Colleague: 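What follows is a structure written as structure tokens; I'll ask about it next.
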Amino acid sequence: MPDEIIDPAPLEPGTLRVIPVGGLGEVGRNMTCFEIDGKLLIVDCGVLFPEEHQPGVDLILPDFGFLRERLDDVVAVVLTHGHEDHIGAVPYLLKLRADIPLVGSQLTLALVEAKLKEHRIAPYSLTVKEGQTEKLGPFELEFVAVNHSIPDALAVAIRTDAGTVLATGDFKMDQLPLDGRLTDLREFARLGREGVDLFLVDSTNADVPGFTPLERAIGPVLDEVIARSPRRVIVASFSSHVHRVQQVLHAAHQNGRRVALLGRSMVRNMTIAADLGYLDVPEGVLVDFKKAGDIPDDKIVYMSTGSQGEPMAVLSRMANRDHQIEIGEGDTVILASSLIPGNENAVYRVIDGLTKLGANVVHKGNAKVHVSGHAAAGELLYCYNILQPRNVLPVHGEYRHLVANARLAQDTGIPADRTFLAENGTVLDLRDGRVTVAGQLDLGFVYVDGSTVGEITDADLKDRRILGEEGFISVIVVVDASTGRVIVGPEIHARGFAEDDAVFEDVKPKIVAALADAAHHGVRDPHALQQTVRRTVGSWVNRRLRRRPMLVPLVIEA
């Protein structure tokens, strides 16, 4: 993987440039940019959810910085499916240019349009379906049905004068899908015969041997868990996991229970899915949450968000006793989703909290209540053998997933020098069937913190971690402007310390002495004096209390 920033040479006519902007080395922020003859095409535009070491952050966006001066050259954004890690950043891109056309399937566009409505953006969109071909500038796009954990997912073949690229989006090869919509391997085979010059392929499950289990295997397990639950059942999943909600609705119906949807995104997405016919809702099963409290405990199922331990999601609030639904003995909680890497600790905290309240918590570790939406190693091998691509770029996954995927490609005979392990910002050029690494852009994380986008830096997050882990000390000193002698203070206030503020009495003489010494050497600048206070207090606290808190000294001249 490149470890230095290398500006790529200007793009030659007839060459296709491919830049993964996000989704490499991480599970989320999926976005890839294609450029040829002065025009750009973007495939997916998703978000990454923050981890524990990013306190206060709501979302993490791809870095659009290199695109800002070229927004007018973007012909379209193609969205492969409706999960947040592929569509969540669209509103933030369209705030830079609102009329970029969005291209996707019916359900995908409906989900993103509902999201854009909250941002007061009315998009220009083009609905496509499998088998359809569209010409957008120098790009000819052909859409292929793929099976995933959300209906209406599409792979996209991108034909240009420089060659053909096939991007799978997220996919698996469930042979008995709930909606009957298979990954179209016949189309993959046809594209393979025509020639695929570069294959961008989902890597999320590349290190899992064999085949991803069937989605329909979950239904009987949910049915059994709900059947033996004496009181309420709460099922947590992603708010766009239509297939999982479908199974919960059927299992609840089979057991004479009604279902209430919890969480704004869950209600919004499932209403859209039902209205468009992607969710089959049995007659009389759904009930408004406000009326669910009147239903006996053994006759209700709550379908909620929060399966990743998100602090503000419904399930975490239940675990913290900060929700209308108070979990107790006899309640059953089902976590019907996988763990996104980095979220494990948060999820287990929620599981522990719910268990302590008396709930029976059922999750992937103790019951088959989830199967992945991504192709495992056996399915990826099939794809490589069917397509026989000339070059491969593993995408969508952490580095270990990308490496595992690259090895699978090489096992099927694709040469190592045509299998590219890239990172976000790696610039790849395709011409005459060959791919070369042309450079490496400096792309970072763009943090969304409330209404603030891109203004929070890694240094700010470091400060937040220090505040949370090490505490805070402020020191106020008033010095004589002419002599530098301390005339008031030092006043020391600490937060996040078990010790009483009296413990800092010992360091006050050291502060006075350090300032006197600085004044003796002619130091009068308040900033320099503040640094003297910082060094003195920091050294003392580290030695005496074994802490490295945030220090905020204030030296005032009088």
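None of the values given here were measured: they were computed from a predicted structure.
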Colleague: Nearest 0.5 Å please: distance from the CD atom of Q324 over to the CZ atom of R317.
Modeller: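 Nearest 0.5 Å value for the CD-CZ distance: 8.0 Å.
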Colleague: Starting at NE2 of H148, measure out to CG of D170 and round the result to the nearest 0.5 Å.
Modeller: 4.0 Å
Colleague: Quick check on the 6.0 Å ring-centre criterion: do H81 and F171 meet it?
Modeller: no
Colleague: Are R258 and H253 close enough, and set up right, to give a side-chain hydrogen bond (donor to acceptor under 3.5 Å, both in side chains), and what steps lead you there?
Modeller: CA-CA 7 Å; R258 302 186 74 182; H253 185 54; over 6 Å; no
Colleague: How close do G82 and I87 get, counting heavy atoms only, and between which atoms?
Modeller: O-CD1, 3.4 Å
Colleague: To the nearest 0.5 Å, what is the distance between CG (D174) and CG (L178)?
Modeller: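 CG of L178 is found 7.0 Å from CG of D174.
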Colleague: Supply the atom-to-atom distance L191 CG to L166 CG, rounded to the nearest 0.5 angstrom.
Modeller: 6.0 Å
Colleague: Tell me if the CZ atom of R231 is crowded by more than 12 foreign heavy atoms within 6.0 Å.
Modeller: yes
Colleague: E130 versus L154: any side-chain heavy-atom pair under 4.5 Å?
Modeller: yes
Colleague: Which heavy atom of T305 sits nearest a heavy atom of S265, and at what distance?
Modeller: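 That closest heavy-atom pairing would be CG2-OG, 3.8 Å.
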Colleague: Shortest non-hydrogen contact from D280 to L249?
Modeller: O-CD1, 4.1 Å
Colleague: Decide yes or no for I42 and V78: does some side-chain heavy atom of the first lie under 4.5 Å from some side-chain heavy atom of the second?
Modeller: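 No; the side chains remain at least 4.5 Å from each other.
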Colleague: Atom OG1 in T332, atom CG in L354: separation rounded to 0.5 Å?
Modeller: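 So the gap between those two atoms works out to 11.5 Å.
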Colleague: Supply the atom-to-atom distance L380 CG to D207 CG, rounded to the nearest 0.5 angstrom.
Modeller: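 It comes to 10.5 Å.
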Colleague: Is there a donor-acceptor contact under 3.5 Å from the side chain of N320 to the main chain of D322?
Modeller: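 No: the side chain of N320 does not pair with the backbone of D322.
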Colleague: Assign the ring pair H323 / F289 to parallel, tilted or perpendicular, where the plane angle (0 to 90°) is split at 30° and 60°.
Modeller: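 H323 and F289: tilted rings.
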Colleague: Decide yes or no on side chain to side chain contact (heavy atoms under 4.5 Å, CB included) for E134 and L126, but give the supporting numbers first.
Modeller: CA-CA 10 Å; E134 292 290 338; L126 172 64; 4.0 Å; yes
Colleague: Keeping N255 on the side-chain end and A251 on the backbone end, is there a donor-acceptor pair under 3.5 Å?
Modeller: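 Yes, N255 side chain to A251 backbone: donor-acceptor pair under 3.5 Å.
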Colleague: T108 side chain to G104 main-chain N or O, any donor-acceptor pair under 3.5 Å?
Modeller: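 No, the answer is negative, given that no donor and acceptor are paired below the 3.5 Å cut-off.
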Colleague: For N205 and S372, test the side chains for any donor-to-acceptor distance below 3.5 angstrom and give the result as yes or no.
Modeller: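 Side chains of N205 and S372: pair found under 3.5 Å.
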Colleague: Which pair of heavy atoms, one from V446 and one from D63, lies closest together, and at what distance?
Modeller: CG2-CA, 3.8 Å
Colleague: Looking at side-chain heavy atoms only, is the closest gap between V350 and D352 below 4.5 Å?
Modeller: no
Colleague: If you count every heavy atom of other residues, nucleotides or ligands that lies below 6.0 Å from R321 atom CZ, does the total exceed 12?
Modeller: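 For R321, atom CZ is not crowded (no more than 12 foreign heavy atoms under 6.0 Å).
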Colleague: Given D152 and Y278, is the side-chain hydrogen bond (donor to acceptor under 3.5 Å, both in side chains) satisfied, shown in steps?
Modeller: CA-CA 9 Å; D152 240 9; Y278 294 98; 2.5 Å; yes
Colleague: Do L102 and L116 have side-chain heavy atoms sitting under 4.5 Å apart?
Modeller: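 With C-beta onward as the side chain, the pair touches.
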Colleague: Closer than 3.5 angstrom, by distance alone: can the side chain of E118 be matched with the main-chain N or O of K115 as a donor-acceptor pair?
Modeller: no
Colleague: Carefully, step by step, assess R232 and I325 under the rule side chain to side chain contact (heavy atoms under 4.5 Å, CB included).
Modeller: CA-CA 10 Å; R232 299 170 299 184; I325 297 176; 3.6 Å; yes
Colleague: Under the side chain to side chain contact (heavy atoms under 4.5 Å, CB included) rule, what do V43 and M31 come out as? Steps first, then yes or no, please.
Modeller: CA-CA 6 Å; V43 173; M31 177 175 173; over 6 Å; no
Colleague: Please tell me whether Y384 and F199 form a close aromatic pair, meaning their ring centres lie under 6.0 Å apart.
Modeller: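 Yes: the rings meet the under 6.0 Å criterion.
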Colleague: Is V395 close to D202 at the side-chain level, that is, under 4.5 Å between some pair of heavy atoms?
Modeller: no
Colleague: Just do the side-chain hydrogen bond (donor to acceptor under 3.5 Å, both in side chains) check on D44 and T80 with the steps written out, would you?
Modeller: CA-CA 6 Å; D44 288 326; T80 58; 2.9 Å; yes
Colleague: How close do A89 and G46 get, counting heavy atoms only, and between which atoms?
Modeller: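 Smallest heavy-atom distance, with atoms named: CB-O, 3.5 Å.
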Colleague: Using the ring centroid of each side chain, check whether H396 and H374 are separated by less than 6.0 Å.
Modeller: no
Colleague: Could you go step by step and tell me if R244 and E215 meet the side chain to side chain contact (heavy atoms under 4.5 Å, CB included) rule?
Modeller: CA-CA 9 Å; R244 190 68 70 247; E215 192 83 37; 2.5 Å; yes
Colleague: Going by the side-chain contact (heavy atoms from CB on, under 4.5 Å) test, name the single residue among L141, V156, V74 that passes it with L41.
Modeller: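 In the set L141, V156, V74, the residue that makes a side-chain contact (heavy atoms from CB on, under 4.5 Å) with L41 is L141.
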Colleague: Which heavy atom in C45 sits nearest to a heavy atom in V77, and how many Å separate them?
Modeller: CB-CG1, 4.5 Å
Colleague: Please confirm whether the backbone N or O of H86 pairs with a side-chain atom of H83, one donor and one acceptor, at under 3.5 Å?
Modeller: no
Colleague: Looking at D297 and K299, is any side-chain nitrogen of the basic one under 4.0 Å from a carboxylate oxygen of the acidic one?
Modeller: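 Looking at D297 together with K299, the answer is no, because their closest N to O distance does not fall below 4.0 Å.
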Colleague: Hey, are the side chains of L286 and L261 touching, using non-hydrogen atoms and a 4.5 Å cut-off?
Modeller: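 Result yes, sub-4.5 Å side-chain heavy-atom pair found.
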Colleague: Can any side-chain N or O of Q175 pair as donor or acceptor with the backbone N or O of M173 at less than 3.5 Å?
Modeller: yes
Colleague: Could you check whether any side-chain N or O of R181 sits under 3.5 Å from a backbone N or O of A153, counting only pairs where one atom can act as donor and the other as acceptor?
Modeller: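 Yes, because the side chain of R181 sits within donor-acceptor range (under 3.5 Å) of the backbone of A153.
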Colleague: Within the distance-only criterion (no hydrogens, no angle test), does the side chain of N405 pair as donor or acceptor with the backbone N or O of H401 below 3.5 angstrom?
Modeller: no
Colleague: Counting only heavy atoms not in R264 (residues, nucleotides, ligands), do more than 12 fall under 6.0 Å from its CZ?
Modeller: no
Colleague: Apply side-chain hydrogen bond (donor to acceptor under 3.5 Å, both in side chains) to residues E379 and T212 and explain how you reach the verdict.
Modeller: CA-CA 8 Å; E379 293 153 88; T212 299; 3.2 Å; yes
Colleague: Please tell me if the side chains of I295 and V287 come closer than 4.5 Å, counting only heavy atoms from C-beta onward.
Modeller: yes
Colleague: Do side-chain atoms of K172 reach the backbone of A376 as a donor and acceptor pair under 3.5 angstrom?
Modeller: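 Pair absent, no side-chain N/O of K172 close to backbone of A376.
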Colleague: Sub-3.5 Å donor-acceptor pair from the side chain of T133 to the main-chain atoms of E142, do we have one?
Modeller: no
Colleague: Does any part of the side chain of F34, heavy atoms only, come nearer than 4.5 Å to the side chain of L200, both counted from C-beta?
Modeller: yes
